[in-house]
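Computation of the quantities below employed the complete heavy-atom set of this structure, encompassing side-chain atoms and omitting hydrogens, waters and symmetry-equivalent molecules. If you're wondering where the values come from, they're calculated on a predicted model, not measured in any experiment.
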Amino acid sequence: MKGSENSSLSKDHLPLADNEESQFENHMALYEDDLHHQGRISTILSRINAYQGGMQPNMRDVEKSGGQQKATLGTVLGVYLPCIQNIFGILLFVRMTWVVGMAGAVEAFFIVGICCCTTLLTSISMSAIATNGVVPAGGSYFMISRSLGPEFGGAVGVLFYLGTSVATSMYIIGAVEILVVYMAPGINLFGDTNSFRLYGTIVLLILAIIVFIGVAFVSKFAAVSLACVTISILCIYIGIFIANEDSSVEVCLLGDRLLTMESVMRNGTMMCTKNVTGPIHDNYCQILNASAGTYVCDSYFNDHNTSILKGIPGLASGVFSKNAMNRYTQQGNVIGTDMHGNPSRGEIVADITTSFMILLGIYFPSCTGIMAGSNRSGDLADAQKSIPVGTIVAIITTSSVYLSSVLFFAGTVEGDLLRDKYGESIGGSLLIGKLAWPHEWLIRIGAFLSTLGAGLQSLTGAPRLLQAIAQDGVIPFLSVFSVTTKRGEPFRALVLTVFIAFIGVCIGVLDYVAPIITMFFLMCYGFVNMACALQTLLRTPNWRPRFRFYHWTLSLVGLALCITLMFISSWYYALAAIAIACCIYKYIEYKGAEQEWGDGIRGLAMSAARYSLLRLQEGPPHTKNWRPQLLVLMKLDASLQPKYPRMVQFANQLKAGKGLTLVCSVLEGKFQERSADALAAKQTLSKMVKEMNIKGFSDVSVATDVTEGICSLVQNAGLGGLRHNTVVMGWPYGWRHSEDEQSYRVFLETVRNVSAAGLALLVTKGINQFPEPDVKLRGTIDVWWIVHILFLYRLLMLLPFLLTRERPWKHCKLRIFTVAQMEDNSITMKKDLEHYLYQLRIGADVDVIEMSGQDISAYTYERTLMMEQRTQMLRNMRVKKIEPQSIVDRAHHGGNPGAGDQASPQKVHLQLESVPEESSTDPESPAQEHFTFTPAAAQKLKTNHKNVNNKPLDMEFLEVLTEGIDRVVMVRGSGREVITIYS
């Protein structure tokens with residue numbers, strides 16, 4: 001009893017259907033399999049709750065975590081502050097004042113405004129994508145790849161990786177510039193560029209070692225970097241509001257030429273005068289006679305006076321109006337002028353040519369970093385809420401700082417000092433440091449540390465982005481970078497990132513590196529906008545973002561801005577970035593792993609296909625657009641493998657690689673019983689089509705009768721206006737030796753069905769001896785034109801022309817033969833045919849053969865007797881079951897030829913004969929024999945459908961007609977094929 005009780009209790013945890021002692025034991029039997037295989041509802045809900053972007057979670061981890069999420073970061077710490085840290089970078093400290101001075105307040109405000117608008121519109125699109133489902137770790141790459149597909153995702157992911165890697169070099173060059181130029185000028189031993197390269201390489205190696213040792217230090221240093229950025233900006237704003245002429249730095253000018261502090265200093269004192277004893281006089285004048293005290297001075301020195309100018313007079317000085325317009329300068333000219341400068345005289349000259357487009361490309365990287373929050377999506381407690389709010393608020397904050405700083409700088413600092421990029425007129429000091437309160441060293445240290453922090457962040461994030469791309473497997477040659485160390489660090493990806501960053505460091509000039517980063521990030525942002533617009537316009541059912549403040553017009557405007565900024569800032573960099581993206585896209589398309597992520601590009605393709613199909617259905621194709629659209633009826637062997645795969649290759653050659661190709665097969669049986677076989681056969685056909693690189697489709701159907709199945713394919717294959725007009729099938733080999741009438745009945749019924757459908761028919765015989773696609777033939781294509789069958793010449797003229805456009809037949813010569821009777825004028829026929837071929841724009845030789853009816857009669861009679869004897873023999877073999885030799889002996893002693901005026905549908909036979917090769921001088925040609933196509937005479941044989949005995953006679957007629965020929969294509973035109981002489 002106790003054992004039975006335990007047994008009963010042990011069943012309490014089982015589903016109701018499994019509890020045999022329950023009176024309701026059969027009530028849940030309908031769901032018994034589901035409960036066994038899928039599990040309980042609670043288990044399913046647990047798996048759904050732990051869902052991570054298409055990757056099935058580990059149930060042990062779910063059970064250990066107790067259903068609680070490890071991610072605890074909120075909007076401020078997880079999104080807002082990281083975005084602030086990444087957006088505020090080196091360019092704010094070392095290039096913002098220079099941009100304002102060169103572009104003027106109006107154009108600088110527009111430069112900053114258009115960059116901020118681009119990032120704001122991109123953040124809106126990104127917020128919509130990020131809130132459309134769970135975004136696991138992977139951030140921006142995950143969003144783009146899952147929205148636009150593996151091809152676009154891989155291409156943009158690589159570009160985003162390159163941009164992040166090159167951004168590392170930009171931050172390093174910026175940090176070294178602050179170090180060498182402003183903090184420790186004494187270590188500048190090799191000139192600015194070479195010193196930047198040397199110290200930049202050292203800093204890069206140190207940062208790489210820090211990243212490799214542990215990410216924990218990088219995360220801790222990020223807080224220090226953020227604090228430095230925040231404090232520095234606050235000090236700058238305080239300095240702007242307390243700046244005045246009394247506390248301002250002074251600069252020296254000769255006329256409107258700003259002079260370096262070094263050129264006007266004498267014994268530690270600034271001497272901004274034209275006195276003979278002053279340094280300015282020494283730089284502009286040469287001694288003619290020292291005893292007489294005569295000098296020869298530059299004309300500009302003689303015509304202009306020196307002046308001392310308050311460099312930072314403050315907001316109340318009214319300098320904003322003077323700084324409103326641009327002062328773009330050519331390289332080598334004195335800054336702010338169009339006069340050539342001489343640095344040896346102490347004049348500050350432009351090191352690069354400036355323009356609106358160049359400054360736009362240099363400045364845009366200061367607005368990047370908006371994806372820092374989305375990259376941390378795996379650590380956010382509520383990513384769908386935090387990413388939109390944190391990112392958009394961060395962009396509004398930084399944009400407000402940037403736009404206000406443009407106006408404040410233009411209203412506080414003199415224009416000449418703003419245009420002094422390296423602060424040479426103030427003794428090599430950092431201008432924004434002179435402006436800040438309380439001391440410039442606070443800005444120097446803060447800018448240096450914040451820039452190093454941004455470089456660490458980029459050097460940490462780029463290898464992980466590359467590893468995510470490699471793990472997806474969309475780019476096969478990147479798979480080596482998916483390997484990590486025991487601590488989970490992507491060491492190989494880090495090595496590649498360091499190498500790319502080293503190339504950027506070797507450039508050595510911040511203004512040359514920034515436009516490169518601009519291209520990569522603009523490409524990435526453009527694709528984010530395109531993904532959002534595409535998903536919105538397609539209205540896919542899965543597009544249900546929680547973020548509602550978006551619209552497809554905003555995304556399109558953002559995309560247009562990204563493309564415009566790319567070409568405005570640097571058209572050659574833009575073309576290079578697009579070329580890289582296209583190369584990666586095509587590589588993934590042809591060599592990459594197949595991934596199906598339900599992307600928007602697939603939805604766009606479906607919409608475009610639907611639109612095209614509806615357009616095709618509006619009416620029949622025009623005469624000039626007619627081409628063979630082929631339905632290939634493929635026979636399968638017992639193992640469901642294609643029996644004649646070369647027939648598909650020939651069909652592909654016949655349509656010159658264009659048009660429609662449907663490869664179909666029919667399995668005999670019931671669909672319920674052979675559905676698995678049909679699926680396996682379809683996969684086999686699809687694999688064959690893919691391996692042969694044929695642009696077509698494959699399908700397998702199941703029917704109780706093969707003839708009815710093929711008839712259904714002939715009628716219904718295709719979709720809408722994309723339907724076949726030509727059927728390709730193989731010859732039924734061995735029909736003579738088979739006792740089953742189905743061996744030839746299926747073939748003949750298919751011929752009649754194709755004829756009834758008004759389609760053209762191609763029947764291949766000896767298809768395995770046709771040329772491979774990589775074989776180059778030498779020979780002739782002979783076409784026999786049966787003049788009195790008018791509709792046949794259309795297909796006859798078109799087929800050889802299409803074949804000659806393919807590689808195997810490209811070097812074959814086309815010849816047209818026609819038969820003339822004695823009463824015809826052969827000369828006129830040849831002339832008319834040559835003129836017609838000229839109008840058709842087909843090059844071919846024309847031959848007219850004169851032949852009388854008596855020449856054909858004897859041969860025709862002999863072959864007819866042989867055909868009838870064979871038919872009688874086969875009939876006797878099947879009916880009387882007698883030996884073949886006795887029938888042959890009886891036929892030789894006088895058989896009954898019988899009546900042979902039977903009929904069959906009109907046929908044109910394309911006969912391929914082998915002719916001996918005369919000479920071969922082309923070493924590239926692998927073919928060792930010539931091939932000639934010769935259509936045999938069209939016979940008019942009308943089959944009596946009521947008389948079954950005519951079916952073997954039809955088959956025998958075709959056998960006799962092609963006897964002795966190894967390779968044959970029998971062609972029957974439908975009368976709808978058209979070849980026109982008009983353009």
Side-chain angles (χ1 to χ4, degrees), residues 629-637 642-644 647 651 662-671 674 678 681 699-718 723-765 767 867 870-871 874-875 878-879 902-909 938-962 968-976:
Q629 312 286 358
L630 304 176
L631 169 62
V632 182
L633 300 178
M634 179 62 64
K635 188 175 183 180
L636 304 178
D637 57 17
K643 201 167 185 179
Y644 306 109
M647 188 162 60
L662 300 175
V663 183
C664 299
S665 183
V666 177
L667 299 180
E668 188 173 9
K670 293 184 178 181
F671 181 73
R674 305 207 61 182
D699 201 2
V700 176
S701 61
V702 180
T704 55
D705 184 75
V706 176
T707 302
E708 294 299 326
I710 295 177
C711 181
S712 178
L713 288 177
V714 170
Q715 297 179 69
N716 303 320
R723 298 179 59 84
H724 57 279
N725 54 32
T726 304
V727 178
V728 183
M729 61 185 300
W731 177 257
Y733 300 97
W735 69 273
R736 289 174 171 172
H737 309 289
S738 176
E739 297 181 1
D740 187 6
E741 292 185 357
Q742 187 179 5
S743 60
Y744 59 84
R745 182 180 62 84
V746 173
F747 173 78
L748 292 178
E749 289 298 326
T750 302
V751 172
R752 296 189 179 98
N753 291 333
V754 171
S755 177
L759 305 176
L761 176 65
L762 307 181
V763 179
T764 61
K765 187 177 180 182
I767 188 63
M867 179 185 67
R870 290 178 183 174
T871 304
L874 292 174
R875 186 180 297 113
R878 292 191 178 99
V879 176
Q902 315 297 344
S904 169
Q906 284 186 341
K907 302 274 190 297
V908 176
H909 305 280
Q939 304 291 334
K940 193 171 184 179
L941 304 173
K942 295 184 179 179
T943 303
N944 186 357
H945 293 267
K946 298 180 181 180
N947 190 354
V948 181
N949 294 332
N950 283 335
K951 295 181 180 179
L953 187 60
D954 294 339
M955 298 297 298
E956 189 63 36
F957 170 78
L958 295 177
E959 286 281 10
V960 171
L961 196 63
T962 59
V968 179
V969 178
M970 293 171 276
V971 183
R972 185 193 188 283
S974 65
R976 300 178 182 178

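Atoms OG1 and CG, from Thr750 and Leu713 in turn, are 10.0 Å apart once rounded to the nearest 0.5 Å. In this structure, Ser665 OG and Leu633 CG are separated by 8.5 Å, a value rounded to the nearest 0.5 Å. From Glu668, atom CD reaches atom OG1 of Thr707 across 8.5 Å, with rounding to the nearest 0.5 Å.
In terms of heavy-atom proximity, Ala678 sits nearest to Val702 at CB-CG2, 3.7 Å. Scanning all heavy atoms of the two residues, the minimum distance from Cys711 to Asn753 falls at CB-ND2, 3.6 Å. Residues Val714 and Arg723 share a closest heavy-atom pair of O-NH2, 4.4 Å. Closest approach of Arg745 to Asp705, counting heavy atoms only: NH2-OD1, 3.6 Å. The two residues Gly709 and Ala703 come nearest to each other via the heavy atoms CA-CB, 3.8 Å.
The side-chain heavy atoms of Thr764 and Tyr644, taken from C-beta on, include no pair separated by under 4.5 Å.
Put simply, the residue from Met647, Met729, Lys643 that forms a side-chain contact (heavy atoms from CB on, under 4.5 Å) with Lys635 is Lys643. Shown are Val754, Leu631, Leu630, Leu761; of these, the side-chain contact (heavy atoms from CB on, under 4.5 Å) with Thr726 is made only by Leu630.
His724 places no side-chain N or O within 3.5 Å of a backbone atom of Gly718 that could act as its donor or acceptor partner.
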